[in-house]
Number of protein chains: 2
Amino acid sequence: MSSITEVARLAGVSVATASRVVSAADYPVSAATRERVLDAARELDYVPNALARGLLTRRVPVVGVIVHDITDPYFSEVVRGVEDAASPTGHLVITCSSERDPDRERSYVRLLRSMRAAVVIFAGSGLADPDLEAELARHLGAMRAEGAAVVHLSPHAGGEPEVGVDNAAGIATMVAALAELGHRRIAFLAGPRSLHVARARLAGYRAGLEAAGLEADERLVVSTSFDREGGALAVDELLAAHAGATAIACANDLLALGAMTRLREHGVRVPDDVSVAGFDDISVAAITAPSLSTVRLPLRELGAHGWSFAERLLRGDAPARETLPTTLVMRGSTAAPPTAPGGLR
Amino acid sequence: MSSITEVARLAGVSVATASRVVSAADYPVSAATRERVLDAARELDYVPNALARGLLTRRVPVVGVIVHDITDPYFSEVVRGVEDAASPTGHLVITCSSERDPDRERSYVRLLRSMRAAVVIFAGSGLADPDLEAELARHLGAMRAEGAAVVHLSPHAGGEPEVGVDNAAGIATMVAALAELGHRRIAFLAGPRSLHVARARLAGYRAGLEAAGLEADERLVVSTSFDREGGALAVDELLAAHAGATAIACANDLLALGAMTRLREHGVRVPDDVSVAGFDDISVAAITAPSLSTVRLPLRELGAHGWSFAERLLRGDAPARETLPTTLVMRGSTAAPPTAPGGLR
DNA sequence: GGCGCCATAGTAAACCTTTGCTGTCCGGCT
DNA sequence: AGCCGGACAGCAAAGGTTTACTATGGCGCC
C-alpha cells in the first residue's frame with residue numbers, strides 16, 4: 001500500500017508538501033504543485049493511514065456507542081442516529097453491546113481508549129456497580145483529558161444525561177389525551193421502581209393526572225418488570241384490586257403489549273371495554289391488533305443530537321444540556337370509555 | 001496519558017523490556033523485572049496505544065461490517081453475532097449502514113481501509129453498480145494484499161458468499177410443511193426479481209412444490225418489493241387473479257406481515273380461511289396475532305461464522321465455504337385448509 | 001541597487017510501539 | 001583457566017503522518 005512518501009516522490013515534491021495537499025491543510029500550495037500531487041495520489045491509489053495520522057493528532061475519527069444490545073430496536077435506532085450524523089464528517093461508529101455486564105462494558109471502554117476513539121456515547125448505561133463506576137470514571141477522565149468527548153444519552157443511571165428525552169412530559173400528554181377522551185380512572189403500569197426512567201415516567205403520570213384535575217389513587221399504580229410478562233401480571237393485579245380503571249397507561253410498549261394479551265385472555269375488549277396506551281413506539285406497536293396508541297421517542301434524533309453534542313465538545317465548546325420532546329401517537333387501542341358503567345372491576 | 005516510555009522509566013528498565021512484558025511477547029524476562037513493569041503499568045494506568053501498535057503491525061483489531069441498515073432486525077442480529085464472536089479476541093465492531101447507496105458503501109470501505117481494519121464483513125451487499133464494483137474490487141484487493149480478511153455473508157450480489165444460508169432448502173421445507181397440512185394451492189410472494197436472495201428463495205419454492213408433487217401455477221407467484229407494503233399489494237393481486245390459493249408462503253416475514261394485515265382488511269381470516277407463512281423469523285413474528293409461522297435463519301450464527309471464517313483467513317488458512325441450515329418454526333398463522341372449498345378467489 | 005517581505009517549498013522532529021540485533025554477565029564444561 | 005552458550009536487557013530503526021521552523025527566490029519600494 002502506497003504511502004505519502006511515494007506520492008511525494010512521484011509528484012517530485014517533499015512529503016510535507018504532499019501532506020499539505022492531501023490533508024487539505026490551509027497552507028498555501030501553488031495550483032500546479034497541488035495538481036501534480038493529486039495526480040500522483042490518484043495514480044498510486046493513495047489512501048491516508050488513519051493510524052499514523054491519529055498517532056500524531058492523538059485521536060482517531062471513531063465514535064464508540066455503548067448500548068445494552070444492538071439487537072434491541074430501541075438501541076439500533078439510536079445507533080443509526082449517531083451513524084447518520086457522524087458519517088458525513090468521516091467518523092466511523094463502533095457499537096458495543098454490553099449486555100449490561102460490567103465486565104463487558106469495562107473492557108469495551110478500555111478498548112475504545114486504547115484506540116484513541118474521539119467520542120464515546122453511552123446510550124444505555126450499565127447497572128450500578130461501584131467497582132465498575134470507579135474504573136469507568138478513571139477511563140473516562142483520562143479520555144476527556146486526552147481530548148475525547150464523552151456523552152450520556154437519555155436513560156442514564158449515573159445522573160442527568162447530556163441529551164435526554166422528556167419522559168415525564170410524554171406520559172403527561174398521554175394522560176391528558178386519555179382524560180380528553182373522557183377517562184376518569186386511568187391506571188398506570190410503572191415498571192420497576194429501581195430504574196430511573198421508570199421513576200421519571202411515573203412522575204409524569206402523576207403530573208398528568210393533576211393537570212387534568214383527576215384524583216390519584218394508589219391502587220391504580222402497579223410496579224412490575226419492564227417486559228410483556230410484567231404487563232400481564234399487572235393486569236391480573238389490577239383485576240384483583242377491583243380498581244375500576246377504564247384506561248391503562250403504560251411506562252413502556254412491552255408492558256402495554258403484555259397487558260393487551262392478558263386482557264384478551266380475560267375476555268376484556270380493547271378499546272371497547274378498556275383503553276390501553278404504551279410508551280416508546282417500538283416498531284411492533286403499529287402492527288398489533290388493535291394497533292397501539294403510544295408516545296414516540298425521538299430515538300434517531302437522540303443519537304444525532306448526542307453526536308452533535310460531542311462534536312461541539314470536541315471543538316471546545318461547552319454545549320448546554322438538551323431535552324428532546326416526545327410525540328403522541330394515537331392509534332386503535334384507545335377510545336372513549338364505555339357509556340355503561342364499565343372498566344376493570 | 002502515559003506511554004510505555006514512562007512505564008519503563010518508572011520500572012527502571014528499557015522500553016524494549018517494558019514492551020515485552022505488557023504485550024506478553026514470548027521473550028524471556030526475569031520474574032522480578034516483569035513484576036516491576038506490571039506494577040508500574042498499573043500505577044500509571046497504562047493503556048497501550050492501539051494506533052502505534054497498528055502502525056507497526058499494519059493492522060488494527062477492528063472488524064467492519066457492511067449492512068444495509070442496522071435498524072433492520074435482520075442485520076442487527078448478524079452484527080450481534082459478529083460482535084459476540086469477535087470481542088473475546090479484543091476486536092471492535094464497526095457498523096456501516098450503507099442504505100444500499102453505492103456512495104456510502106464506497107466511502108465506508110475507504111474509511112475502513114484508511115483505518116487498517118483487520119477484517120471487513122459484507123452482510124448486505126449493495127446493488128449492482130459497475131462503478132462501485134470496480135472501486136470496491138480495487139479497495140478490497142489492496143486490503144487483502146495488506147493482510148486484511150474480507151468475507152461475504154449470505155445475501156451477496158456478486159456471487160457465492162463465503163458463509164451462506166440455505167435459502168432454497170428453507171423455503172422448500174416450509175412448502176413441504178404446508179403440503180403436509182393438506183394445502184394443494186400454495187401461493188408465493190417472491191419479493192423483487194432483481195435480488196439474488198429473492199431468486200434463491202423462489203427457486204426453493206419451486207423445488208418444494210415439485211418435491212411435494214404439487215403443480216406449479218405462475219398465477220400463484222407474485223413479485224413485489226421486499227416490505228410490508230409489498231405484501232399488501234401482492235394480496236390484492238392474488239385476489240384479483242382469483243387464483244384460489246389456500247396458503248401463502250412468503251420470501252420474507254415483512255411480506256407475510258403485510259399480507260396478513262391486508263387479508264384482515266378484506267375480511268379473510270388467518271389461518272381459518274388462508275394460511276400465511278413467512279421467512280427469516282424476525283422478532284416480531286412471535287408476537288403478532290396470530291403469531292407467524294416462518295423459517296428461522298441462523299442470523300447470529302451467520303455473523304459468528306463470518307468472524308471465524310475471517311479469523312482463519314487472518315491466520316493464513318484457506319477455510320472452506322460454509323452453508324448454514326435453517327429451521328422451520330410453525331406457529332399460529334398456518335393450519336389445515338378449510339374443508340369447504342375455500343381459499344382466495 | 002539594496003532591503004525586506006511574501007509566497008512557497010523543504011527539513012526534521014515527534015507521536016508510540018515492536019523487534020532484530022547487539023551487548024553483558026554468569027555458570028558450566030573441558 | 002579458558003571458552004562457550006544461555007539468559008536476560010538495551011539500542012535503535014521503522015512504521016506514516018503532521019507541523020513548527022527554516023530556506024529560497026522573486027518582487028516591490030525607497
Side-chain angles (χ1 to χ4, degrees), chain A residues 1-38 40-41 44-61 90 113-118 142 145-148, chain B residues 1-38 40-41 44-61 90 111 113-118 142 146-148:
Chain A
M1 182 169 285
S2 52
S3 74
I4 198 156
T5 315
E6 298 169 45
V7 173
R9 181 145 22 109
L10 182 59
V13 300
S14 72
V15 280
T17 304
S19 166
R20 292 197 259 253
V21 171
V22 300
S23 63
D26 52 349
Y27 193 91
V29 174
S30 73
T33 310
R34 149 164 287 116
E35 202 48 49
R36 254 184 311 140
V37 172
L38 257 19
L44 261 30
D45 187 24
Y46 170 70
V47 176
N49 187 324
L51 303 183
R53 189 177 278 178
L55 192 55
L56 229 32
T57 61
R58 323 177 73 79
R59 187 176 309 150
V60 91
R113 186 178 163 200
S114 89
M115 196 93 124
R116 267 56 175 175
E146 264 286 298
Chain B
M1 182 168 285
S2 50
S3 72
I4 198 156
T5 314
E6 299 168 45
V7 173
R9 180 146 21 109
L10 181 60
V13 300
S14 72
V15 280
T17 303
S19 166
R20 292 198 259 253
V21 171
V22 300
S23 63
D26 53 348
Y27 192 91
V29 174
S30 72
T33 311
R34 151 164 287 118
E35 203 46 50
R36 256 185 308 144
V37 173
L38 256 19
L44 260 31
D45 187 25
Y46 170 70
V47 176
N49 187 322
L51 303 183
R53 191 176 275 180
L55 192 54
L56 234 30
T57 62
R58 323 177 73 79
R59 186 177 309 152
V60 92
L111 242 31
R113 186 179 163 199
S114 88
M115 195 92 121
R116 267 54 174 177
E146 266 285 299

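So you know, we letter chains A, B, ... as the sequences are listed, proteins then strands, and number each from 1.
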| request: Report the residues that fulfil salt bridge (Lys or Arg N to Asp or Glu O under 4.0 Å) with Arg113(B), sequence neighbours left out, ordered by chain and then residue number. | output: Asp45(A)
| said: Looking at every non-hydrogen atom in both residues, tell me the closest pair between Ala18(B) and Ala8(B) and how far apart they are. | reply: CB-CB, 3.9 Å
| Asn49(A) CG to dG16(D) P: how many Å, rounded? | 7 Å
| Closest contact, heavy atoms only, Arg59(B) versus Gly147(B) | NH2-O, 3.1 Å
| task | Could you check how far CZ of Arg59(B) sits from C1' of dT18(C), rounded to whole Å? | result | 15 Å
| Given side chains that start at C-beta, do those of Leu55(A) and Asn49(B) come closer than 4.5 Å, heavy atoms only? | yes
| said: OP1 or OP2 of dC16(C) versus the side-chain N and O atoms of Ser3(B): is any pair under 4.0 Å? | reply: no
| For the residue pair Arg58(B) and Glu146(B), what are the closest heavy atoms and their distance? | NH2-OE2, 3.7 Å
| query | So which one's nearest nucleotide on DNA chain D is more toward 5', Ala52(B) or Val13(B)? | reply | Val13(B)
| task | Locate the shortest heavy-atom distance separating Val29(A) from Arg20(A); write the atom from each residue and the value. | result | CG2-CB, 4.3 Å
| request: Take the protein atom CG of Leu51(A) and the nucleotide atom C1' of dA14(D), then report the distance between them rounded to whole Å. | output: 15 Å
| Does Arg53(A) reach the side chain of Ser114(B), with side-chain heavy atoms less than 4.5 Å apart? | no
| What is the distance from CG of Leu55(B) to C1' of dT17(D), rounded to the nearest Å? | 9 Å
| query | Do any of residues 29-37 of chain B sit with a heavy atom less than 4.0 Å from DNA chain D, and if so which? | reply | Val29(B), Ser30(B), Thr33(B)
| note | Per-nucleotide protein contact along nucleotides 18-26 of chain D, 5' to 3', at a 4.0 Å heavy-atom cut-off (B base, S sugar-phosphate only, - neither), is BBBB-----
| remark: Between CG of Leu44(A) and C1' of dG16(D) the distance, given in whole Å, is 14 Å
| remark: Note: Ser2(A) and Leu44(A) closest approach over all heavy atoms is OG-O, 3.0 Å
